Amino acid sequence: MAMIEKTYQPAEIEGRIARAWEDADAFKAGRPDRRDAEPYSIVIPPPNVTGSLHMGHALNNTLQDILCRFERMRGRDVLWQPGTDHAGIATQMVVERQLMERQEPGRREMGRAKFLERVWQWKAESGGVIVNQLKRLGASCDWSRERFTMDEGLSRAVVKVFVELHRQGLIYKDKRLVNWDPKLLTAISDLEVQQIEVKGNLWHLRYPIEGVSFDPENPASYIVVATTRPETMLGDTAVAVNPDDERYVDLVGKHVILPLVGRRIPIVADEYSDPEKGSGAVKITPAHDFNDFEVGKRHHLPQINVLDIEGKIAIADNSAYLEGLPEGAREFAEEIDGTDRFAARKLIVGRLDEFGFLEKIEPNVHMVPHGDRSGVVIEPYLTDQWYVDAKTMAQPAIAAVRSGATTFVPKNWEKTYYEWMENIQPWCISRQLWWGHQIPAWYGPDGKVFVAETEEEAIGNALGYYVEQEVITPAQAHEMTQDASKRDGFITRDEDVLDTWFSSALWPFSTLGWPDETPELERYYPTNVLVTGFDIIFFWVARMMMMGLHFKNDVPFPTVYIHALVRDEKGAKMSKSKGNVIDPLHLIDDYGADALRFTLAAMAAQGRDIKLASSRVEGYRNFATKLWNACRFAEMNACAAPTGFDHTTAKETLNRWIAHETVRAVRDVTEAIESYRFNDAAGAAYRFVWNVYCDWYLELAKPVLMGEDSAAKTETRAMVAWARDEILKLLHPFMPFITEELWAVTAQRDGLLVLAPWSRKAELSVEVFASPVLTDPMVPPVILPARQDAEFSDPAAEAEIGWVVDLVTAIRSVRAEMNIVPSTLTPLVLAGASAETRARAERWSDVIKRLARVGEISFTDAAPQGAVQLLVRGEVAALPLKGVIDLAAEQARLDKELAKAEADIKRVDAKLSNEKFVANAPEEIVEEEKEKREAAVARKVKILEALLRLKNAT
RNA sequence: GGGCGCGUAGCUCAGCGGGAGAGCACCUCGUUGACAUCGAGGGGGUCACAGGUUCGAUCCCUGUCGCGCCCA
């Protein structure tokens, strides 16, 4: 056991403590000593492998760590499952950028296999950054079980899920409009698209009516359509008007001739067209707009894709485009072919204007979809992709929350969850990337799909099928089975990979070994709680619910705690691409991980976002220093708790008081953590340590500790140490490093604090009766309060110490007001004191003298003349300061007090004289008011007496 | 347009049907033997605004204004 260092230096202790935990396997799940303990498990929301720790991670993981450390101390067998996800797009971008910077061949040049090698190499070198940062934060994950979504085991889970869902018809391939990223050249999901407000235009175009000679001067010769994307007109296949719009009733069923293009397209009536907007007529481009796609389906319109994957016009060799066009159309097609979509817009608008087809341009602010990774404008694009039937899978997930099998904390997020789940769209899971889980689907020469868990199985199925179809002979099939090169070009694997969230959705069970039936799966699934930010409800929570229910037939977690988002100073969401990230590691460097953690916990009130001020972190660093110095004080006074020390049998009032306060603080903190009120827990701990233990207990104990050896001194030394140990335990979930360090240096310990028992037992436990009713799943198990040892409490001690505190505070306050310098000791006269007060004053005279700068303490019947008279718990404490005090000032002070007392009486009287109040208010409230009145009246009497004496003195 | 949430001390934020709180900042005082990363004391708020419900509203309801986020 070492001595406590003179000053608290977080940087010096944090690394050392982290190693001690690691060496002791403290965070390991399934420790032999906890084999019979109740398990407690949390899966970490896997951070992106390319990521580094930001404030959101810091908050998220601090809260999880508080829960894990708390439950670990309560004796549970805790598994906090760590890991990272492979972040398909982000990682691929990082590695591609690296190749570019090093002027190495690009992805396509080196080919898929080589590129993937490079990605794995990058992962090995740089992929562990965030894990180490989490360790610096103190996260008590079972690091030996770290997983990665591209691990062999997790990949097996992905394949299994894909194949099973496909077999069940819940995964299918479809040609639909997707959100296409023309920069990254992949489909992305709705959630990866950000709607950004853009100042654009509304172009009003004139589409000539068929059979009428077009004349810009004659409105009857054309119909005006308004659009934000004029370049997509190349793919228009109709004009829609609202069926109730009288302006256009006569035009429905007629045709227009698409300007520049020459295509003959119908005017259709559809509710989608809003008569209030633009001209009331809209162009319909089914292949390039989600709404138009639906309109097109309703009216059986052709879908003409006029862009290539990079967003360039592609119509020259486009049969869908060219079909039915007049002679000469090809010329225009060739002219504009290959033009980027934005350049094409300019060109087309110019050309329309030239020929009188442009009526006007109106400035227009509207939302434009952007890729959250690439930042470019997303193109609705018609492609073949794989989808999950999310609507079907959402049903059990919705039911689970409705039934309460899973609940959200705070509750209001359930509404967001339902909102999303009830309007859920098919989930596009394929991505045109290389980094990720390649889709286990193989295609035959006719495009037929064979989905299987292994290539062998898929090939076998495919070849069998084609033999049966007599496309190939059994001999050819045999050859292809034997020699992979022989089947090249005959059977090919789907190039695409799965959305990263597809694998993340399996995280709560794939990390435990699924699809194998492992002991871990049996023991730790379902997990106890999921801790995450609301921005991830759709991405992740919803999908874990779907997958967990489908494959494990049970919710992945009974509770979802949704915490605040840590925003930047403008209240904007922090994101790497915006570059507004505040680095928590800098805060750790400056103030220590404990201070950062405590700050985040203290600010984690439910239902409110966090805008972090570094002054708060500094404040909590000071709190850590305070704790450090208090422990040094205890050490300097040889405070140690003997083995078997029982705080409930203490004799000294002061010691009984701190025992009372400590038990209360432990209860408050425990209950707050249990109900996820982290800020209340942190606040209760803070106030107890600083404002109770340091400010009063240690101060009041000083005379005893500095005095002669005695039984009281021995007991006080033990109690100082006992309460300190309770504090270290209480604070450990919040400030693990400093508490572990202090635990080690303040006494000989049996083990690390991280594994020490929490002082308050769990309130509830599930009582399982050997009753047949319990086998009925409709009957919930009976939950009874566990036997809680009668809580230690001592109201008498509280009353006595409370009196001392009030007396000292009152004297200090009046001394400061009177500008009495600290070196001046004032006598204290207790007037008309009860026997109890007298006894208390004698017992606490040392303390009172020291803390209140008091000289002599005496007792009289009435306060001496010309003294400052204080009211302490209904009795007068006088400071005879004749000559020192300003009598006029004292008069003013007492007048103010009097006014206050009278105001109180008046306010209470107003209430009590109100019949309705007395009749309607709860009895205890009325009773309280009466007591308040009595107290105020008593105060008034004493103040009046005091004023009278003051007058006599002058 | 729909949904969620927020406007409380100079700043960052708790609280929430019965006497307005914390941290930081500010002012005054302090080399008292753990701590100046400290101690003592103090100033500072018609709890956005307007109605309503109630015996009683910062808290519940409605509306207005301002702000943020999510979804269309």
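Keep in mind that this is a model prediction, so the values were computed, not measured. In the text below, chain A, chain B and the rest are named by the order of the sequence lines, each starting its count at 1.
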Between [M] and [N] - [atom1] atom distance, rounded Å:
| N | M | atom1 | result |
| --- | --- | --- | --- |
| B/G45 | B/C11 | C1' | 14 Å |
| B/G66 | B/C49 | C1' | 11 Å |
| B/G43 | B/C67 | C1' | 30 Å |
| B/U37 | B/C24 | C1' | 14 Å |
| B/A9 | B/U58 | P | 15 Å |
| B/C60 | B/C38 | C1' | 45 Å |
| B/G51 | B/G5 | C1' | 23 Å |
| B/G7 | B/C35 | P | 42 Å |

TODO: Would you please indicate if the ring centroids of A/Tyr561 and A/Phe678 are separated by under 6.0 Å?
DONE: yes
Task: Aromatic centroids of A/Phe408 and A/Trp413 separated by under 6.0 Å - done: no
Would you kindly give the [atom1]-to-[atom2] distance between [X] and [N], to the nearest whole Å?
| X | N | atom1 | atom2 | value |
| --- | --- | --- | --- | --- |
| A/Tyr620 | B/U12 | OH | P | 16 Å |
| A/Lys415 | B/G2 | NZ | C1' | 10 Å |
| A/Asn622 | B/G39 | CG | P | 9 Å |
| A/Phe538 | B/C69 | CZ | C1' | 11 Å |
| A/Asp904 | B/A20 | CG | C1' | 14 Å |
| A/Gln425 | B/C71 | CD | C1' | 12 Å |
| A/Lys900 | B/A20 | NZ | P | 12 Å |

Open item on the list: Once hydrogens and angles are ignored, does a donor-acceptor distance under 3.5 Å link the base of B/A34 to the side chain of A/Glu699?
Closed with: yes
TODO: Decide yes or no, distance alone: a donor-acceptor N/O pair under 3.5 angstrom between the base of B/C35 and the side-chain of A/Lys626.
DONE: yes
Task: Parallel, tilted or perpendicular, as decided by the 30° and 60° cut-offs, for the rings of A/Tyr686 and A/Trp690 - done: tilted
Task: Position toward the 5' end of RNA chain B (nearest nucleotide), A/Arg812 or A/Cys631 - done: A/Cys631
Open item on the list: Please compare A/Arg850 and A/Trp420 by the position of their nearest nucleotide in RNA chain B and report the one closer to 5'.
Closed with: A/Arg850
TODO: Remember a base hit wins even if backbone is also touched, and classify A/Arg621 as base, sugar-phosphate or nothing at under 4.0 Å, heavy atoms.
DONE: base
Open item on the list: If you take any heavy atom closer than 4.0 Å to RNA chain B, which residues from residues 677-692 of chain A end up in contact?
Closed with: A/Asn679, A/Tyr686, A/Trp690
- [ ] Could you tell me which non-hydrogen atom of A/His563 sits nearest to which non-hydrogen atom of A/Gly533, and how far apart they are?
- [x] NE2-N, 3.6 Å
Open item on the list: Do the side chains of A/Glu902 and A/Lys940 get close enough for a salt bridge, i.e. N-O under 4.0 angstrom?
Closed with: yes
Open item on the list: Taking only side-chain N and O atoms of A/Ser813, does any of them lie within less than 4.0 angstrom of OP1 or OP2 on B/G42?
Closed with: yes
- [ ] Could you tell me whether the phosphate oxygens of B/G19, OP1 or OP2, come under 4.0 Å of any side-chain nitrogen or oxygen in A/Lys932?
- [x] yes
